[in-house]
*Asks:* 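Okay, here's the structure, questions in a sec.
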Amino acid sequence: MMASSEHYSDLESDHCADWSGMDARLRSFRDFPQQVSAERLARAGFYFTGDADRVRCFSCRQTVENWRTEDVPAERHQQASPACKYLSCTHRLGPIPPVNGAAYDEEAEDMEYRLRTGEVVDESTYPLAPHMRSEDARLRSFAAWPPGAPVQPRALAQAGLYYLGARDRVQCFCCGGMLADWEPGDEAWTEHERLFPNCFFILGHDVGNEPSEREASMESFEDRLQSFSGVSHPVDPERLARAGFYSMGVSDRVRCFKCGGGLKDWQPEEDPWEEHAKEYPGCRFVVEEKGQEFVNSVQLRNPRRGSPTVSHQNGFSRHETEHNVMQSVIAQRAVDMGLDPAKVEMTILDKIRRTGEGYAVADVLVEDVLAMETDVEQSQQDDDEDPLEKLRKLQMEKQCKVCMDKDIAIVFIPCGHLVTCERCSVPLKKCPICCGAITQKIKTYIS
């Protein structure tokens with residue numbers, strides 16, 4: 001972004017510019033006089049107009065200026081524009097005074113923002129509905145489930161959902177997320193993950209889920225191994241049984257007797273223990289048998305948290321279908337339009353990884369390929385950015401990812417992540433990056 005008066009004029013008058021993204025607003029503060037943190041201003045909805053220290057909200061368009069070091073951006077925003085929808089939705093601030101006259105707590109709001117955006121891990125006690133931790137209890141809640149509903153009660157119960165007794169509304173026993181208005185083709189686990197991707201149950205954490213009684217009957221290795229009788233499976237049944245899995249009798253689908261996690265679409269070379277730890281790292285059976293260090297090492301090789309890169313269907317992990325994606329009519333149509341085949345393939349695979357589905361129409365595929373090319377060009381422009389901007393980003397990288405104030409100084413063992421200052425590390429029992437248990441905290445110094 002150029003630092004010229006002509007450019008600033010564009011910032012001031014271009015109502016078509018999209019400042020709704022945090023990163024876009026943050027970049028606008030490159031030459032802002034630093035009375036107040038650019039990150040705090042951007043989080044409060046402001047972008048820099050280029051005129052003195054005047055900033056403008058991307059939502060309500062209200063401008064604020066004459067900043068002082070002690071100012072709280074969200075408070076000044078509220079004073080200038082009490083009815084701003086961005087403040088009411090993102091910062092829970094509106095024209096109604098705080099309850100009991102309580103003052104606005106920027107630090108608490110900042111932490112809530114980071115929890116919502118996944119910058120730090122929610123350490124709340126789960127599950128939120130402990131009386132529904134049992135899959136059988138959840139299944140019993142569907143006694144009055146509408147008979148014509150397109151999703152079956154067992155699939156919903158396996159996905160952590162129980163019936164609320166009204167229409168087709170269900171709720172997750174772990175995160176409390178509610179889903180309704182089911183349509184033909186919807187799959188319980190897929191919809192749960194799409195709408196609540198940070199649910200600890202969806203992410204495979206041990207939240208006390210109790211699989212149905214059939215899973216409990218499979219606690220014996222011999223019983224699990226017996227379940228594979230007459231079943232043709234690409235992976236040795238003994239290895240699967242030792243890793244806690246039993247056959248569901250359908251194709252190559254297996255389920256863990258302990259956590260209830262399911263897997264399918266196996267490849268002969270895959271290791272059952274690693275796949276179990278990768279998809280369901282919170283399973284108590286895996287941790288007890290292989291140890292937390294093994295789970296951490298698998299997770300570090302195959303990062304999963306914070307991004308719904310693995311899609312599920314009714315609780316079963318879906319492996320990537322990297323072959324034959326270019327054989328589809330839609331892919332060929334995009335190539336015929338002059339798009340790079342490599343970029344077309346990469347875009348299709350990325351969508352499959354994120355959503356579990358390919359493209360239904362060529363127009364959407366073309367748009368996504370072009371958007372990817374734009375992102376690559378922007379990345380190349382960033383490589384040529386001003387040295388001072390690179391220095392600013394380097395300083396932000398060294399900042400504690402919890403308080404965003406002090407420098408990072410603590411290494412978590414055994415995962416090895418370096419993300420917090422000494423003060424913020426004190427209450428943490430799990431690493432904010434990989435959620436692995438912390439057994440030791442070592443102070444380090446960054447020059």
Side-chain angles (χ1 to χ4, degrees), residues 22 26 36-40 42-44 69-70 72-75 90-92 102-128 130 174-176 197-201 203-208 277 281-284 286-288 291-300 303-307 392-447:
M22 173 72 176
L26 194 57
V36 182
S37 161
E39 184 179 6
R40 293 169 63 203
R43 183 165 293 137
T69 305
E70 64 271 22
V72 177
E75 279 191 341
T90 305
H91 293 260
R92 310 293 194 267
Y104 172 69
D105 188 339
E106 185 182 41
E107 184 176 350
E109 190 283 327
D110 177 67
M111 178 56 68
E112 182 182 347
Y113 176 91
R114 294 182 188 281
L115 287 169
R116 289 199 308 273
T117 57
E119 291 182 30
V120 296
V121 177
D122 185 355
E123 294 290 348
S124 302
T125 301
Y126 291 106
L128 296 182
C174 174
C175 68
N198 296 318
C199 171
F200 277 18
F201 177 68
L203 291 174
H205 290 245
D206 183 359
V207 291
C283 177
R284 281 175 287 181
V286 177
V287 175
E288 290 169 0
Q292 188 64 55
E293 188 172 349
F294 171 79
V295 176
N296 289 346
S297 66
V298 172
Q299 287 291 302
L300 289 174
R304 183 174 187 275
R305 293 176 181 82
S307 177
R392 186 187 70 80
K393 289 184 177 179
L394 180 61
Q395 291 172 336
M396 289 184 65
E397 290 175 1
K398 290 175 61 180
Q399 287 179 336
C400 169
K401 299 305 182 290
V402 176
C403 67
M404 296 300 289
D405 181 23
K406 299 182 180 298
D407 286 347
I408 51 180
I410 298 296
V411 175
F412 296 138
I413 304 297
C415 66
H417 285 131
L418 177 65
V419 290
T420 72
C421 65
E422 187 171 8
R423 184 185 64 181
C424 292
S425 73
V426 174
L428 295 181
K429 295 181 180 179
K430 293 184 179 180
C431 172
I433 299 298
C434 69
C435 293
I438 301 171
T439 59
Q440 190 177 0
K441 301 172 184 177
I442 299 177
K443 188 170 183 178
T444 185
Y445 299 90
I446 300 178
S447 58

*Asks:* When rounded to the nearest 0.5 angstrom, what distance separates CG in Leu128 from CZ in Phe200?
*Replies:* 10.0 Å
*Asks:* Write down the atom of Cys174, the atom of Pro127, and the distance for their closest heavy-atom approach.
*Replies:* CA-CB, 3.8 Å
*Asks:* Can you give me the closest heavy-atom contact between Ile438 and Leu428, atom names plus distance?
*Replies:* CD1-O, 4.0 Å
*Asks:* Between Cys421 and Asp407, what is the shortest heavy-atom contact and its length?
*Replies:* CB-O, 3.3 Å
*Asks:* Distance check, rounded to the nearest 0.5 Å: Gln440 atom CD versus Ile410 atom CD1?
*Replies:* 10.5 Å
*Asks:* Counting only heavy atoms not in Gln292, do more than 12 sit closer than 6.0 Å to its CD atom?
*Replies:* yes
*Asks:* So with a 6.0 Å cut-off around NZ of Lys441, is the heavy-atom count from everything else above 12?
*Replies:* yes
